[in-house]
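This report concerns only the one structure given below.
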Amino acid sequence: MNSIQKGKLFKQILDVVKQIPEGKVTTYGQIATIAGTQNPRLVGFALATLKEITDIPWFRVINSKGKISFSEQSNGFKIQYSLLQNEGIIFDAKNRINFKLYGWSIK
DNA sequence: GGCTTGACTTACA
DNA sequence: CTGTAAGCCAAGC
């Protein structure tokens, strides 16, 4: 019996993100649904609490617009941008990711 | 112990 | 395409 401990949302979210394969991306809403929450903000919040050093591929998480959730002038944007490009993700002229091609779902 | 904020989403105008 | 509104959970103060 998997008596899941409380606070599982965080754990679930992180666990889901960890399962994202290389070269794939997914949205906050998708993770939220898979993790079992109705609040995509928790996904962002969960990732926001991570430290710079983590096993979580947080950079593979983008918003529904197919863009990085950080401002283009933010340092996080640059880091995520580089990491994604490093995995073969291509950005279009508007810095958007065609996540319909790279989209990933746990099933 | 209660209110505010947050790396968001979806729907409607 | 842009803008506004509601939903929902956890952490921080």
Side-chain angles (χ1 to χ4, degrees):
Chain A
M1 59 189 201
N2 45 358
S3 41
I4 308 174
Q5 305 173 358
K6 56 192 277 191
K8 66 172 184 179
L9 268 301
F10 244 80
K11 195 170 186 291
Q12 284 281 66
I13 291 167
L14 300 180
D15 190 45
V16 171
V17 177
K18 271 198 245 181
Q19 294 178 59
I20 303 175
E22 184 177 316
K24 297 280 183 179
V25 297
T26 189
T27 64
Y28 291 93
Q30 188 69 23
I31 293 172
T33 302
I34 297 170
T37 180
Q38 299 296 97
N39 200 349
R41 294 186 185 182
L42 273 299
V43 179
F45 199 58
L47 297 180
T49 58
L50 295 175
K51 302 171 184 174
E52 296 184 12
I53 303 175
T54 177
D55 295 4
I56 313 294
W58 57 268
F59 51 86
R60 291 180 190 147
V61 183
I62 59 178
N63 60 25
S64 65
K65 294 172 245 172
K67 299 186 71 173
I68 294 173
S69 301
F70 291 104
S71 297
E72 297 184 8
Q73 58 183 358
S74 285
N75 192 32
F77 178 90
K78 299 172 189 173
I79 296 173
Q80 187 168 8
Y81 191 89
S82 298
L83 288 170
L84 290 174
Q85 281 194 326
N86 190 36
E87 295 198 346
I89 305 298
I90 305 300
F91 293 80
D92 66 8
K94 294 171 185 167
N95 282 339
R96 285 198 298 190
I97 298 171
N98 192 340
F99 89 94
K100 292 186 177 181
L101 297 178
Y102 302 107
W104 166 84
S105 62
I106 231 170
K107 53 182 177 159

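Every chain is numbered from 1, with letters handed out A, B, ... down the list of sequences.
One can place CZ of A:Phe99 at 21 Å from P of B:dA7, the figure rounded to the nearest angstrom. Rounded to an integer number of Å, the gap from CD1 of A:Ile13 to P of C:dC8 is 16 Å. With rounding to whole Å, A:Ile62 atom CD1 is found 17 Å from B:dA7 atom P. As a whole-Å value, the separation of A:Lys65 NZ from B:dA7 C1' is 11 Å. With rounding to whole Å, A:Leu47 atom CG is found 17 Å from B:dT5 atom C1'. Protein atom CG of A:Leu9 is 5 Å distant from nucleotide atom P of C:dA10, rounded to whole Å. Computed from coordinates, the A:Gln38 CD to B:dA11 P distance equals 13 Å when rounded to whole Å. With rounding to whole Å, A:Phe10 atom CZ is found 14 Å from C:dC9 atom P.
Of the two residues contacting DNA chain B, namely A:Gly29 and A:Leu42, the nearest-nucleotide position lying further toward the 5' end is that of A:Leu42. Along DNA chain C, the nucleotide nearest A:Pro40 and the nucleotide nearest A:Lys94 are compared for position; the residue whose nucleotide lies closer to the 5' end is A:Lys94.
Summarising the base pairing, B:dG1 is matched to no nucleotide, lacking a Watson-Crick or G-U wobble pair whose two defining distances lie under 3.5 Å.
By the 4.5 Å heavy-atom criterion applied to side chains, A:Leu47 and A:Thr54 are not counted as neighbours. Counting only heavy atoms from C-beta outward, the side chains of A:Phe77 and A:Asn95 approach each other to under 4.5 Å.
Within the structure, a side-chain polar atom (N or O) of A:Ser64 is placed less than 4.0 Å from OP1 or OP2 of B:dT9.
Residues A:Ile62 and A:Lys67 share a closest heavy-atom pair of CB-O, 3.5 Å. The two atoms that bring A:Trp104 and A:Gln19 nearest to each other are CZ2-O, 3.5 Å, heavy atoms only.
The side chain of A:Thr27 lies closest to B:dT9 when the candidates are B:dT9, B:dA7, C:dC1. Comparing B:dT9, C:dA11, B:dA7 by their closest approach to the side chain of A:Asn63 singles out B:dT9. When each of B:dT9, C:dC9, B:dA7 is scored by its nearest atom to the side-chain atoms of A:Thr37, the top-ranked nucleotide is C:dC9.
Among residue pairs with one or both ends in residues 54-64 of chain A, those qualifying as salt bridge (Lys or Arg N to Asp or Glu O under 4.0 Å) are A:Arg60-A:Glu87; sequence neighbours excluded.
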